[in-house]
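Contents: one structure, followed by commentary.
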Amino acid sequence: MNPFVKLGHDIVRLWTTYSSQYLMGMWNTIYLAVVCTAIGCIIGLLCGVLNTIPLAPKDPPVKRFLLKLLHGIIRIYVEVFRGTPMILQAVFIFHGLPYFTNGAVRFPSELMCAFFVVSINTGAYMAESVRGGIISIDPGQTEGAKAIGMTHWQTMFYVILPQTLRNILPQIGNNLIINLKDTSVLSIIAVAEFFAIHKSVAGTTFAFFPSAAIEMVGYLTVTVIASVLLRMVEKKMDGKASYELAQVDPLTMAAGTYNHPDKKSFFDEHSKEYKEDK
């Protein structure tokens, strides 16, 4: 029999018998990845904002000490969870807590531990993404906000963070796609996600490659859909491709000429109307 025909036959046989299990595992993977990415973004946003609080020499010693301590704790958290594999984090947290507390402290279920592990792992990566996004914003905007009387927190939440979130949106999507795939390591603590179902089905039927083919198609489908949706969100946040210049006072021309790559205005020095007027 042709190998491709045989593979198709085995895939159909496995899907017919175990489709409900595969779909349940895929749903658990999607649910886990989406929720943990959202929680991780909140953790990363909080760490990124706290990590960029300015520290001035004239600040009180207590404030300087507390900020340095806070920055140190955040730095340790980021380095530990970025520098170790998630599979070992899951093992240490799920089995380590009962080990060191003689069973007094433990997660009620493997799924709850999985939510915790993936969330704090994502938060560690997002903390650096948010910090990089914040410091990438032109310092002149912060100076301008302070010049009109805005506090540090007002400047952060009304001026800096909206731009930062748009800039790091691709990284948020990247983390979501990574989580969709990397949750496969959680089978080490018996979480019934997509890859764990593959291991169970393959162990029962010994059809390792056909089951792996189903997994490959499933992961690829989910990640491609996630990528398309995230690109749609990015385009939505970009706004319209053209705009109309609102001019009420002729003196606004003193601000200079205006240019837009898609739709040139009358006040663009490259426009036909502007040249004829001159």
Side-chain angles (χ1 to χ4, degrees), residues 18 21-48 51 72-130 171-209 211-216 218-220 222-223 226:
Y18 300 102
Q21 296 183 37
Y22 281 118
L23 291 174
M24 180 199 68
M26 182 179 288
W27 165 250
N28 287 342
T29 292
I30 296 172
Y31 180 58
L32 188 64
V34 171
V35 173
C36 291
T37 301
I39 296 174
C41 287
I42 296 173
I43 295 173
L45 188 65
L46 181 62
C47 290
N51 218 12
I73 292 173
I74 294 174
R75 195 66 200 168
I76 292 172
Y77 158 64
V78 170
E79 293 299 333
V80 168
F81 284 95
R82 283 200 315 170
T84 55
M86 190 160 63
I87 188 172
L88 290 181
Q89 294 169 15
V91 170
F92 270 71
I93 292 174
F94 185 71
H95 297 290
L97 288 178
Y99 181 86
F100 286 107
T101 61
N102 292 323
V105 179
R106 64 171 62 244
F107 281 92
S109 67
E110 294 85 355
L111 190 60
M112 290 297 296
C113 180
F115 275 109
F116 179 77
V117 171
V118 180
S119 295
I120 59 176
N121 183 274
T122 305
Y125 284 93
M126 287 306 305
E128 287 299 282
S129 298
V130 172
Q171 183 60 34
I172 294 175
N174 190 46
N175 280 327
L176 173 60
I177 292 174
I178 289 174
N179 285 339
L180 285 168
K181 298 180 298 179
D182 285 1
T183 49
S184 58
V185 304
L186 296 174
S187 59
I188 193 71
I189 58 173
V191 176
E193 43 74 47
F194 198 33
F195 188 75
I197 300 301
H198 156 67
K199 293 174 64 177
S200 175
V201 171
T204 302
T205 62
F206 296 100
F208 292 96
F209 184 68
S211 180
I214 294 175
E215 292 282 310
M216 182 71 73
Y219 278 118
L220 184 60
V222 171
T223 54

Just verifying a value: how many Å separate [X] [atom1] and [Y] [atom2], rounded to the nearest 0.5 Å?
X      : Y      : atom1 : atom2 : value
Asn102 : Leu97  : CG    : CG    : 12.5 Å
Glu79  : Glu128 : CD    : CD    : 7.0 Å
Asn175 : Cys41  : CG    : SG    : 7.0 Å
Arg106 : Met112 : CZ    : CE    : 14.5 Å
Ile197 : Met26  : CD1   : CE    : 11.0 Å
Leu176 : Ile30  : CG    : CD1   : 10.0 Å

Side-chain contact, heavy-atom cut-off 4.5 Å: [X] with [Y]?
X      : Y      : answer
Cys113 : Ile93  : yes
Leu32  : Leu186 : yes
Phe116 : Ile120 : yes
Met126 : Ile43  : no
Val117 : Met86  : yes

Exercise for the section: Would you list the pairs meeting side-chain hydrogen bond (donor to acceptor under 3.5 Å, both in side chains) in which at least one residue belongs to residues 177-192, sequence neighbours left out? Expected result: Thr37-Asn179, Thr122-Asn179
Handout entry: Tyr31 ring center within less than 6.0 Å of Phe115 ring center
Key = yes
Handout entry: Ile188 atom CD1, over 12 foreign heavy atoms within 6.0 Å
Key = no
Mind listing the closest non-hydrogen atom pair of [X] and [Y] along with its distance?
X      : Y      : value
Ala192 : Met24  : CB-CE, 4.3 Å
Tyr77  : Gly123 : OH-C, 3.3 Å
Glu110 : Ile189 : CG-O, 2.8 Å
Val118 : Cys36  : CG1-CB, 3.4 Å

Short question: side chain of [X], backbone of [Y] - any donor-acceptor pair under 3.5 Å?
X      : Y      : result
Tyr125 : Gln171 : no
Tyr219 : Leu180 : no
Thr29  : Phe194 : yes
Ser211 : Phe208 : no
Gln89  : Thr84  : yes

